[in-house]
Amino acid sequence: MSVRNVQRIQDEVAEYWPNVRWVESTGSTNADLLNDNAAPGTVLIADEQTAGKGRLGRQWVTPKGSQLAMSMVVEVPETPPPFGLLSIAPGVAVTDVVPQARLKWPNDVQIGGKKIAGILSALDMPRVIVGIGINVVMRPEDLPVETATALNLEGLDVDFDDFTADVLRAMGKRLTQWREGDPQLLEDYRAVCSTIGQSVRLEMREGEETVTGTVTGVNDEGEVLIDGSAFSVGDVHHLRPTS
């Protein structure tokens with residue numbers, strides 16, 4: 001399954017994204033938009049990624065036709081809001097379209113505690129490239145890890161073109177909220193963040209200490225609060241199941 005009608009998608013999302021492009025295969029949509037100096041408002045969709053990267057440098061490969069993989073260029077305001085809030089905006093956008101989803105801090109999109117989407121942003125002032133890959137149609141044996149899932153495996157069958165347009169509109173709305181410093185973005189994030197209230201283990205960059213404790217909230221910078229201490233980076237692992 002793949003995007004079939006780019007022009008229809010373009011027409012439906014033009015308010016936010018005036019330049020929607022599609023390629024059958026590429027190494028990384030993020031890298032492509034970084035390298036060609038694409039203007040804000042540009043979106044690149046790919047049926048297949050062969051060299052995508054996830055958070056902390058992990059490989060993020062898109063099996064052909066199984067994911068919605070795309071990147072978009074966002075203009076950074078002269079006085080930008082906290083970039084920690086930029087990292088959470090795309091995840092909130094996905095929950096707008098997939099209300100069954102919840103977010104594990106900062107932006108792992110999950111259904112029933114299993115990951116359906118990954119998000120990675122690349123700052124290239126005065127713009128930022130926001131990349132996302134959403135598992136749409138996959139077989140269980142094709143999932144990269146046991147803790148992953150896909151929309152179809154959760155009983156959610158979508159039309160690829162409609163879903164793409166819906167996600168891009170939601171992205172446009174939430175990224176505009178970030179650019180404008182709208183407090184509604186963080187309020188809505190807190191409402192769908194499954195990490196708040198959880199006992200967690202936070203694994204930071206290599207060589208740094210691992211932190212365990214209870215998440216008491218997410219502050220106005222988008223940082224996770226563990227027993228009152230703020231952390232801006234790291235991998236969170238929930239230590240008990242989430243609903």
Side-chain angles (χ1 to χ4, degrees), residues 1-55 60-77 80 83 85-98 101 107 109 116-137 151 158-180 182 185:
M1 182 177 288
S2 62
V3 169
R4 294 177 297 279
N5 192 333
V6 177
Q7 186 58 54
R8 179 164 72 85
I9 294 170
Q10 173 68 88
D11 291 344
E12 293 186 15
V13 304
E15 175 186 359
Y16 297 111
W17 311 108
N19 181 18
V20 177
R21 294 153 36 189
W22 172 87
V23 293
E24 184 173 349
S25 180
T26 190
S28 162
T29 54
N30 265 25
D32 289 350
L33 293 182
L34 280 168
N35 292 338
D36 69 7
N37 199 32
T42 300
V43 175
L44 179 62
I45 307 166
D47 271 0
E48 178 185 43
Q49 284 192 121
T50 59
K53 294 293 183 184
R55 192 151 36 91
W60 184 269
V61 176
T62 304
K64 189 173 180 61
S66 65
Q67 290 185 339
L68 172 57
M70 61 184 177
S71 297
M72 55 215 79
V73 185
V74 180
E75 184 178 10
V76 176
F83 284 105
L85 301 183
L86 171 64
S87 73
I88 69 176
V92 180
V94 178
T95 68
D96 291 337
V97 180
V98 185
N107 55 22
V109 186
I116 64 162
I119 296 162
L120 183 67
S121 299
L123 189 60
D124 184 38
M125 295 291 282
R127 60 185 192 145
V128 64
I129 313 299
V130 177
I132 185 167
I134 305 173
N135 296 339
V136 177
V137 180
L151 294 181
V158 300
D159 176 90
F160 228 82
D161 293 354
D162 290 343
F163 184 65
T164 302
D166 289 345
V167 171
L168 281 173
R169 281 195 300 267
M171 287 283 182
K173 171 189 171 184
R174 294 302 186 174
L175 290 166
T176 297
Q177 286 181 325
W178 171 73
R179 293 184 69 254
E180 295 178 351
D182 187 341
L185 172 62

> Ser71 and Thr29: which non-hydrogen atoms are nearest, and at how many Å?
Replying inline: OG-OG1, 2.6 Å
> Asp32 side chain to Thr26 main-chain N or O, any donor-acceptor pair under 3.5 Å?
Replying inline: no
> Does the side chain to side chain contact (heavy atoms under 4.5 Å, CB included) test come out yes or no for Asp124 and Val73, once each step is laid out?
Replying inline: CA-CA 10 Å; Asp124 184 38; Val73 185; over 6 Å; no
> Which pair of non-hydrogen atoms, one from Gly131 and one from Asn30, has the smallest distance, and what is that distance?
Replying inline: CA-OD1, 3.2 Å
>> Let me confirm one number: the CG-OG1 distance from Asp159 to Thr164, rounded to the nearest 0.5 Å.
In response: 8.5 Å
> Looking at side-chain heavy atoms only, is the closest gap between Met70 and Leu168 below 4.5 Å?
Replying inline: yes
>> For a quick test of reading the model, state the closest non-hydrogen atom pair linking Pro90 to Val130 and the distance between them.
In response: CG-CG1, 3.6 Å
> Can you find a pair of side-chain heavy atoms, one from Leu175 and one from Leu86, that are under 4.5 Å apart?
Replying inline: yes
Return all side-chain donor-acceptor pairs below 3.5 angstrom for residues 9-16, not counting sequence neighbours, or 'none' if the list is empty.
{"residue": "Gln10", "atom": "OE1", "partner": "Val20", "partner atom": "N", "Å": "2.8"}
{"residue": "Gln10", "atom": "NE2", "partner": "Trp17", "partner atom": "O", "Å": "2.7"}
{"residue": "Asp11", "atom": "OD1", "partner": "Gln7", "partner atom": "NE2", "Å": "2.8"}
{"residue": "Glu12", "atom": "OE1", "partner": "Arg169", "partner atom": "NH1", "Å": "3.3"}
{"residue": "Glu12", "atom": "OE2", "partner": "Arg8", "partner atom": "NH1", "Å": "3.1"}

>> If the condition is side-chain hydrogen bond (donor to acceptor under 3.5 Å, both in side chains), which residues does Thr95 pass it with, not counting sequence neighbours?
In response: none
>> Ignoring hydrogens, what is the shortest heavy-atom contact between Phe83 and Met125? Give both atom names and the distance.
In response: CZ-SD, 4.4 Å
>> Suppose we screen for side-chain contact (heavy atoms from CB on, under 4.5 Å). Which residues come up paired with Phe163, at least two apart in sequence or across chains?
In response: Leu68, Val97, Val98, Ile134, Val136, Leu151, Val158, Val167
> Considering only heavy atoms from C-beta outward, does the side chain of Met171 approach that of Val94 to under 4.5 Å?
Replying inline: yes
> Roughly how far, to the nearest 0.5 Å, is the NZ atom of Lys64 from the OG1 atom of Thr50?
Replying inline: 11.0 Å
> Roughly how far, to the nearest 0.5 Å, is CG of Asn37 from CZ of Arg127?
Replying inline: 5.0 Å
> Do you know which two heavy atoms are closest between Ile119 and Gly91, and how far apart they sit?
Replying inline: CD1-N, 3.4 Å
> Do Pro77 and Trp178 come close enough that some side-chain heavy atom pair is under 4.5 Å?
Replying inline: yes
>> Let me confirm one number: the CE-CG distance from Met72 to Leu44, rounded to the nearest 0.5 Å.
In response: 10.0 Å
> Between the main-chain N or O of Ala170 and the side-chain N or O of Asp96, is there a donor-acceptor pair closer than 3.5 Å?
Replying inline: no
> Among all residues two or more places apart in sequence or in another chain, which pass the side-chain hydrogen bond (donor to acceptor under 3.5 Å, both in side chains) test with Ser25?
Replying inline: Glu48
> Which heavy-atom pair separates Ser87 from Asn107 by the least distance, and what is that distance?
Replying inline: O-ND2, 2.9 Å
> Partners of Arg21 by side-chain hydrogen bond (donor to acceptor under 3.5 Å, both in side chains), sequence neighbours excluded?
Replying inline: Asp36
>> Using the rule given for side chain to side chain contact (heavy atoms under 4.5 Å, CB included), can you reason through Asp47 versus Trp22, listing the C-alpha separation, both sets of side-chain angles and the distance that settles it, and then say yes or no?
In response: CA-CA 8 Å; Asp47 271 0; Trp22 172 87; 3.3 Å; yes
> Mind checking what makes side-chain hydrogen bond (donor to acceptor under 3.5 Å, both in side chains) contact with Asp182, not counting sequence neighbours?
Replying inline: none
